[in-house]
Amino acid sequence: MLNNINSIFLDFDGTITKTDTVNSFFKTFAAPEWINIEKDWVEGKINSKTCMQMQLDLIKNLTEEKFFNFLDSIEIQDGFIEFCKIAKENDKKITIISDGFDFFIDYILKKEKLDIDFYSNHLQISKENGFLKFKLSFPNLNNSCTQGLGTCKCSVVQKSITKNEFFIYAGDGLSDRCIASKANLLFAKNSLKNHCIEKRIEFILFNDFNDILNHLSLKKGMKNAGFKTENINRT
């Protein structure tokens, strides 16, 4: 099966980055009420679109300097750059699907000199009286999304692959739950891991991209060899 997989879809916040970039942003700059709004989303009382815009409205008096200092502090997971390189050598396409902010993703990828296609919510940034203001829009919205996401991950995958094509997915959180059940090979951690255990969804536990490389037995110099399946242990 793995030799036939050409598409790899990845969550961004907490999967590619070491921390959840969006939550870290709110924790650093938003009023404390942001966590109560987050709880309402986790409990299903509001959708992610409403949640994030309400949280963005809690950010006051943020300067451009502090904003970019924050983005510059974000680190990507160990092994991710090597993972991208080896995937390219094996003719596997990586696509990021995030219910986070396009500005964050674009900035961090450019900082790491990575050219990867991505889908996410659009963060519009303006300045008023010297401080930044934020507004969200949702170019990948699907009103039928069962998770109520701003970026429907299932819709993105469906339009990105051919019918019956196998694909890999890696994620870590609430926004990954629906697509997790559809992936042919799933890597999961954090709350997504717990969801998979509860729903009996088959997955491989990972902490960083070195783990994924090890599970796929990908080694340097394997150009066009396809993904080897030895030593894949399912959790």
Side-chain angles (χ1 to χ4, degrees), residues 1-2 5 7-28 38 42 70-90 92-101 104-105 107-109 111-114 116 118 120 147 149 151 153 157 166-220 222 227-235:
M1 180 185 75
L2 292 180
I5 291 180
S7 298
I8 303 169
F9 297 94
L10 305 173
D11 173 51
F12 187 75
D13 296 300
T15 299
I16 291 174
T17 56
K18 290 186 176 181
T19 60
D20 187 315
T21 311
V22 173
N23 279 359
S24 295
F25 181 63
F26 292 137
K27 184 177 181 180
T28 304
E38 186 79 8
V42 171
F70 168 79
L71 290 181
D72 286 334
S73 73
I74 299 300
E75 297 180 309
I76 60 171
Q77 288 283 4
D78 295 339
F80 182 61
I81 291 178
E82 183 182 7
F83 178 82
C84 293
K85 178 182 177 183
I86 294 177
K88 184 177 181 179
E89 290 174 350
N90 283 269
K92 313 300 180 183
K93 178 176 174 55
I94 295 175
T95 303
I96 296 169
I97 318 176
S98 170
D99 202 34
F101 307 148
F104 288 17
I105 298 171
Y107 186 90
I108 293 167
L109 290 179
K111 182 178 68 170
E112 300 295 341
K113 297 179 173 59
L114 294 169
I116 303 173
F118 67 87
S120 64
Q147 296 292 310
L149 302 178
T151 294
K153 299 190 175 186
V157 170
F166 294 153
F167 69 93
I168 292 173
Y169 189 82
D172 79 312
L174 182 58
S175 69
D176 304 306
R177 288 185 177 183
C178 184
I179 192 63
S181 64
K182 298 176 173 63
N184 301 99
L185 183 61
L186 174 66
F187 293 90
K189 62 178 178 176
N190 299 336
S191 67
L192 181 62
K193 174 198 72 173
N194 298 333
H195 170 76
C196 290
I197 292 172
E198 179 184 348
K199 298 298 182 181
R200 298 183 181 276
I201 299 171
E202 193 172 21
F203 73 98
I204 298 170
L205 181 65
F206 80 106
N207 291 308
D208 58 32
F209 282 85
N210 288 321
D211 294 335
I212 296 179
L213 287 170
N214 289 335
H215 277 297
L216 294 175
S217 297
L218 285 172
K219 306 296 182 184
K220 290 183 178 179
M222 284 181 58
F227 286 144
K228 296 172 66 177
T229 59
E230 296 92 319
N231 303 320
I232 293 183
N233 300 311
R234 295 187 178 269
T235 304

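Contact annotation: the side chain of Phe12 never approaches that of Ile116 to less than 4.5 Å [non-hydrogen atoms, C-beta and beyond]. Put simply, the side chain of Ile94 does not reach to within 4.5 Å of the side chain of Lys88, judged on heavy atoms. Using a 4.5 Å heavy-atom cutoff, the side chains of Asp11 and Ser175 are in contact. Contact annotation: the side chain of Tyr107 approaches that of Asp72 to within less than 4.5 Å [non-hydrogen atoms, C-beta and beyond]. In this structure, Ser24 and Phe70 have side chains that are in contact, with non-hydrogen atoms separated by less than 4.5 Å. Phe83 has its side chain within reach of Ile8: a pair of non-hydrogen atoms, C-beta onward, lies under 4.5 Å apart. At least one side-chain heavy atom of Glu82 sits under 4.5 Å from a side-chain heavy atom of Leu213. Looking at heavy atoms from C-beta onward, Phe206 lies in side-chain contact with Thr15 at the 4.5 angstrom threshold.
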Check against side chain to side chain contact (heavy atoms under 4.5 Å, CB included), Ile16 and Phe209:
CA-CA 8 Å; Ile16 291 174; Phe209 282 85; 4.1 Å; yes

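Note: Ile76 CD1 to Glu112 CD = 4.0 Å, rounded to the nearest 0.5 Å. The line from NZ of Lys85 to CG of Leu114 is 12.5 Å long, rounded to the nearest 0.5 Å. The structure places CD1 of Ile105 at 9.0 Å from OG1 of Thr17, a figure rounded to the nearest 0.5 Å. Between the CG atom of Leu216 and the CD1 atom of Ile168 there is a distance of 5.0 Å, given to the nearest 0.5 Å. In this structure, CD1 in Ile5 is found 9.0 Å from OG in Ser7, a value given to the nearest 0.5 Å. Separating the NZ atom in Lys27 from the CD atom in Glu38 is a distance of 12.0 Å, to the nearest 0.5 Å.
Tested against Phe203, the residues Leu192, Leu185, Leu186 include a single side chain to side chain contact (heavy atoms under 4.5 Å, CB included) partner, Leu186. Checking Phe187, Tyr169, Phe167 one by one against Phe9, the ring-ring contact (aromatic ring centres under 6.0 Å, His included) holds for a single residue, Phe167. The salt bridge (charged side-chain N to carboxylate O under 4.0 Å, His left out) with Lys18 is formed by just one residue from the set Asp78, Asp208, Asp172, Asp13; it is Asp78.
Residues Leu174 and Val42 come closest through the heavy atom pair CD2-CA, 3.9 Å. Here the shortest heavy-atom pairing between Lys193 and Leu205 reads CD-CD1, 3.5 Å. Across every non-hydrogen atom of Cys178 and Gln147, the tightest pair is CB-CG, 3.9 Å. Pairing each heavy atom of Ser191 with each of Gly173, the nearest pair is OG-CA, 3.3 Å. Of all heavy-atom pairs between Ser120 and Gly100, the closest is CB-O, 3.8 Å. Nearest heavy-atom pair, Asn23 versus Asp20, reported as atom, atom and distance to 0.1 Å: N-OD1, 3.1 Å.
A salt bridge is absent between Asp99 and Lys153: the closest approach of a Lys/Arg side-chain nitrogen to an acidic carboxylate oxygen does not fall below 4.0 angstrom.
In this structure, Phe104 has its ring center under 6.0 Å from that of Phe25.
Within a 6.0 Å sphere centred on NZ of Lys111, other residues, nucleotides and ligands contribute more than 12 heavy atoms.
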